[in-house]
Amino acid sequence: QAQLVEPGGGSVQAGGSLRPSCRASGRTFSRYGMGWFRQAPGKEREFVAAINWSGGTTNYADSVKGRFTISRDNAKNTVYLQMNTLKPEDTAVYYCATTSGGSGSYYAQMYSYWGQGTQVTVSS
């Protein structure tokens, strides 16, 4: 089993930055794709970003392209989500997750393990 812990959320003013991370336990972290999703109150969980096993391929939701960057450090079993130019509509609980294969995915159903989530709040 994978265990994912997501420190790094918090509260910022619009235009600010945060960098939540996702620390995974286990020894097979580097074999799997990873993703970030978010869920705002009263809304469905939505895709944010994904990264393949090596970090060479990334994908982003249109709403965050150019502002967010997903990266991974397999030696540290950690995935990062650098969030710049934050907007109030980015406010949500952010979840990291791992797929059962080497690729990330837009679809939540493709992820096998999920972190507990970290709150990101952006004020106007």
Side-chain angles (χ1 to χ4, degrees):
Q1 296 184 8
Q3 182 176 351
L4 307 177
V5 180
E6 300 148 305
S11 298
V12 296
Q13 296 281 343
S17 298
L18 289 170
R19 197 191 191 200
S21 59
C22 178
R23 175 71 166 86
S25 63
R27 298 186 296 171
T28 60
F29 174 83
S30 64
R31 295 183 178 271
Y32 304 112
M34 300 290 294
W36 287 93
F37 291 75
R38 66 188 182 187
Q39 187 167 22
K43 296 185 177 181
E44 297 179 350
R45 182 170 54 184
E46 65 176 347
F47 170 78
V48 176
I51 190 166
N52 79 325
W53 67 272
S54 70
T57 302
T58 58
N59 291 281
Y60 299 93
D62 288 342
S63 60
V64 306
K65 285 181 180 177
R67 300 189 297 119
F68 290 12
T69 302
I70 186 172
S71 62
R72 67 191 299 162
D73 185 340
N74 287 341
K76 297 181 179 179
N77 290 345
T78 301
V79 175
Y80 305 94
L81 186 66
Q82 179 68 52
M83 304 188 294
N84 297 326
T85 319
L86 283 162
K87 304 175 181 180
E89 53 262 43
D90 295 318
T91 296
V93 176
Y94 283 70
Y95 299 90
C96 71
T98 180
T99 68
S100 59
S103 300
S105 177
Y106 293 104
Y107 304 105
Q109 67 188 69
M110 300 303 296
Y111 291 83
S112 298
Y113 299 98
W114 294 82
Q116 83 289 344
T118 186
Q119 178 69 48
V120 171
T121 302
V122 185
S123 60
S124 60

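All values reported here derive from a predicted model rather than from experimental measurement.
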Fill in: Criterion side-chain contact (heavy atoms from CB on, under 4.5 Å) on W114 and R45, from CA distance to verdict
CA-CA 13 Å; W114 294 82; R45 182 170 54 184; 3.5 Å; yes
Item to complete: Take F37 and Y111 through the ring-ring contact (aromatic ring centres under 6.0 Å, His included) test and state the conclusion after the steps.
Response: CA-CA 11 Å; F37 291 75; Y111 291 83; 5.1 Å; yes
Worksheet item: Would V122 and E89 satisfy side-chain contact (heavy atoms from CB on, under 4.5 Å), going step by step from the backbone distance to the final call?
Response: CA-CA 8 Å; V122 185; E89 53 262 43; over 6 Å; no
Discussion item. The test is side-chain contact (heavy atoms from CB on, under 4.5 Å); show your working for L4 and Y95 and say whether it passes.
Written reply: CA-CA 9 Å; L4 307 177; Y95 299 90; over 6 Å; no
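In this structure, the salt bridge (charged side-chain N to carboxylate O under 4.0 Å, His left out) partners of E46, at least two apart in sequence or on a different chain, are R38.
Shown here for K76 and T78, the closest heavy-atom pair between the two residues is O-OG1, 2.8 Å. Across every non-hydrogen atom of Q119 and A92, the tightest pair is NE2-O, 3.4 Å. What you find for G33 and R72 is that their closest heavy atoms are CA-NH1, 4.0 Å. Here the closest heavy-atom approach between residue S124 and residue P88 is recorded as CB-CG, 3.9 Å. Between G56 and N52 the shortest heavy-atom distance is N-OD1, 3.0 Å. The shortest heavy-atom contact between T118 and P20 is CG2-CB, 4.2 Å.
Both Y60 and M83 are assigned to one and the same hydrophobic cluster, defined by single-linkage of ILVMFWY side chains at heavy-atom distances under 4.5 Å. Note on V64 and L81: same hydrophobic cluster, where clusters join Ile, Leu, Val, Met, Phe, Trp and Tyr whose side-chain heavy atoms are under 4.5 Å apart, directly or indirectly. M34 and F47 end up in different hydrophobic clusters when Ile, Leu, Val, Met, Phe, Trp and Tyr side chains are linked at under 4.5 Å. With hydrophobic clusters built from ILVMFWY side chains whose heavy atoms lie under 4.5 angstrom apart, V48 does not share a cluster with Y80.
Under a 4.0 Å N-O distance rule, the pair K87/D90 does not qualify as a salt bridge.
E6 places a side-chain N or O within 3.5 Å of a backbone atom of C96 that can act as its donor or acceptor partner. Panel note: side chain T58, backbone I70; no donor-acceptor pair is recorded below 3.5 Å. Under a 3.5 Å cut-off, the side chain of R67 and the backbone N or O of T85 do form a donor-acceptor pair. Using modelled atom types, no side-chain atom of T121 and backbone atom of V12 make a donor-acceptor pair closer than 3.5 Å. When atom types are taken as modelled, the side chain of N74 and the backbone of N77 share no donor-acceptor pair closer than 3.5 angstrom.
In this pair, F68 and Y94 present their aromatic rings tilted. The plane angle is within the 30 to 60° band.
Among residues at least two apart or in separate chains, there is no disulfide (SG to SG under 2.5 Å) pair with a member in residues 43-89.
Separation of atoms OG1 (T99) and CZ (R31) is listed at 13.0 Å; rounding is to 0.5 Å.
With 3.5 Å as the limit, one finds a donor-acceptor pair spanning the side chains of N84 and S17.
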